[in-house]
Amino acid sequence: MTASARLGQLGVTLPEVVAPLASYVPAVRSGNLVYTAGQLPMQGGKLARTGKVGAGVTPEQGKELARICALNALAAVDSVAGIDAVTRVVKVVGFVASAPGFNGQPTVVNGASELLAEVFGDNGAHARSAVGVAELPLDAPVEVELIVEVG
């Protein structure tokens with residue numbers, strides 16, 4: 001089953017590609033790899049939520065925001081290679097704007113990882129980093145970037 005068909009089964013539509021906030025492009029293809037820029041949880045041209053996870057943003061909310069980030073990253077991939085060309089998710093990097101003492105970054109970034117597993121099945125299994133940071137652009141709680149292999 002294709003990725004676009006799986007998205008349809010999930011009732012999910014890829015959003016429009018988020019316009020860059022600075023001097024970069026949303027995704028770049030190099031050979032058989034696509035690298036996305038870090039994607040924020042943007043919906044309808046604005047952040048779905050602001051703040052830090054562990055203070056004002058719950059880990060569960062952060063997990064849902066990471067899922068939105070992953071959808072935005074998939075839209076960026078689709079714009080340069082087509083979502084159905086993805087043969088494997090190689091790497092996910094998730095950044096979590098964390099309140100002091102919050103150390104549940106892996107659970108938050110699971111929102112992105114679980115979506116990728118739903119869309120790509122076994123080919124969605126990936127290497128990953130989940131990093132806590134003090135601040136993210138626009139006061140976003142989460143940012144996610146992907147590296148995917150395409151055919």
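Between the side chain of Q61 and the backbone N or O of T58, at least one donor-acceptor pair lies under 3.5 Å. Judged by distance alone, the side chain of T87 and the main-chain N or O of E149 form a donor-acceptor pair under 3.5 Å. Using a distance-only test at 3.5 Å, with no hydrogens or angles considered, a donor-acceptor pair links the side chain of D84 to the main chain of A3. Of the possible polar contacts, one joining the T36 side chain to the L146 backbone as a donor-acceptor pair under 3.5 Å is found. Distance alone, capped at 3.5 Å, places no donor-acceptor pair between the T107 side chain and the Q105 backbone.
Annotation: salt bridge (Lys or Arg N to Asp or Glu O under 4.0 Å) contacts involving residues 121-146, sequence neighbours excluded, comprise K52-E135.
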Starting from the C-alpha separation in whole Å, work towards a yes-or-no answer on side-chain contact (heavy atoms from CB on, under 4.5 Å) for L14 and L7. CA-CA 8 Å; L14 286 180; L7 284 167; 3.8 Å; yes
L33 vs V150, side-chain contact (heavy atoms from CB on, under 4.5 Å): CA-CA, chis, key distance, verdict: CA-CA 6 Å; L33 296 175; V150 294; over 6 Å; no
What verdict does the salt bridge (charged side-chain N to carboxylate O under 4.0 Å, His left out) test give for E118 and R67, after you've listed the backbone C-alpha separation in whole Å, the side-chain angles of each residue and the deciding distance to 0.1 Å? CA-CA 11 Å; E118 291 171 13; R67 182 180 177 94; 3.2 Å; yes
For salt bridge (charged side-chain N to carboxylate O under 4.0 Å, His left out), just list the numbers for R49 and E64, CA-CA rounded to whole Å, side-chain angles, deciding distance to a tenth of an Å, and then say yes or no. CA-CA 10 Å; R49 187 172 190 104; E64 180 57 33; over 6 Å; no
Give the C-alpha distance, both sets of side-chain angles, the deciding distance and a yes or no for side-chain contact (heavy atoms from CB on, under 4.5 Å) between V144 and F95. CA-CA 6 Å; V144 171; F95 302 95; over 6 Å; no
Show, in sequence, the C-alpha distance, side-chain angles and deciding distance for N110 and K63, and conclude whether the side-chain contact (heavy atoms from CB on, under 4.5 Å) test is met. CA-CA 6 Å; N110 277 348; K63 185 176 178 180; 4.2 Å; yes
For residues 68-83, which side-chain N or O atoms pair as donor and acceptor with protein atoms under 3.5 Å away, sequence neighbours left out?
unit_1	atom_1	unit_2	atom_2	d
N72	ND2	L40	O	2.9
N72	ND2	M42	O	3.1
D78	OD1	I83	N	2.7
S79	OG	A76	O	2.6

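The shortest heavy-atom contact between P137 and L21 is CB-CD1, 4.3 Å. Between G54 and F102, the closest heavy-atom pair is CA-CD1, 4.1 Å. When every heavy atom of K91 is checked against every heavy atom of S129, the shortest pair comes out as NZ-OG, 3.5 Å. Residues V109 and A130 come closest through the heavy atom pair CG2-CB, 3.7 Å. L47 and L138 make their closest contact through CD1-O, 3.2 Å (heavy atoms, listed as atom of the first residue, atom of the second, distance). Shown here for A66 and A112, the closest heavy-atom pair between the two residues is O-CB, 3.7 Å.
Contact check for V90 versus H126: no side-chain heavy atoms found under the 4.5 Å cut-off. Looking only at side-chain heavy atoms (C-beta outward), M1 and Q9 come within less than 4.5 Å of each other. Side-chain atoms of V119 and L10, non-hydrogen and from C-beta on, do get closer than 4.5 Å to each other.
Both L136 and V93 sit in one connected hydrophobic cluster of ILVMFWY residues. Membership requires side-chain heavy atoms under 4.5 Å apart, directly or through other members.
To the nearest 0.5 Å, atoms CZ (F120) and CZ (R6) are separated by 8.5 Å.
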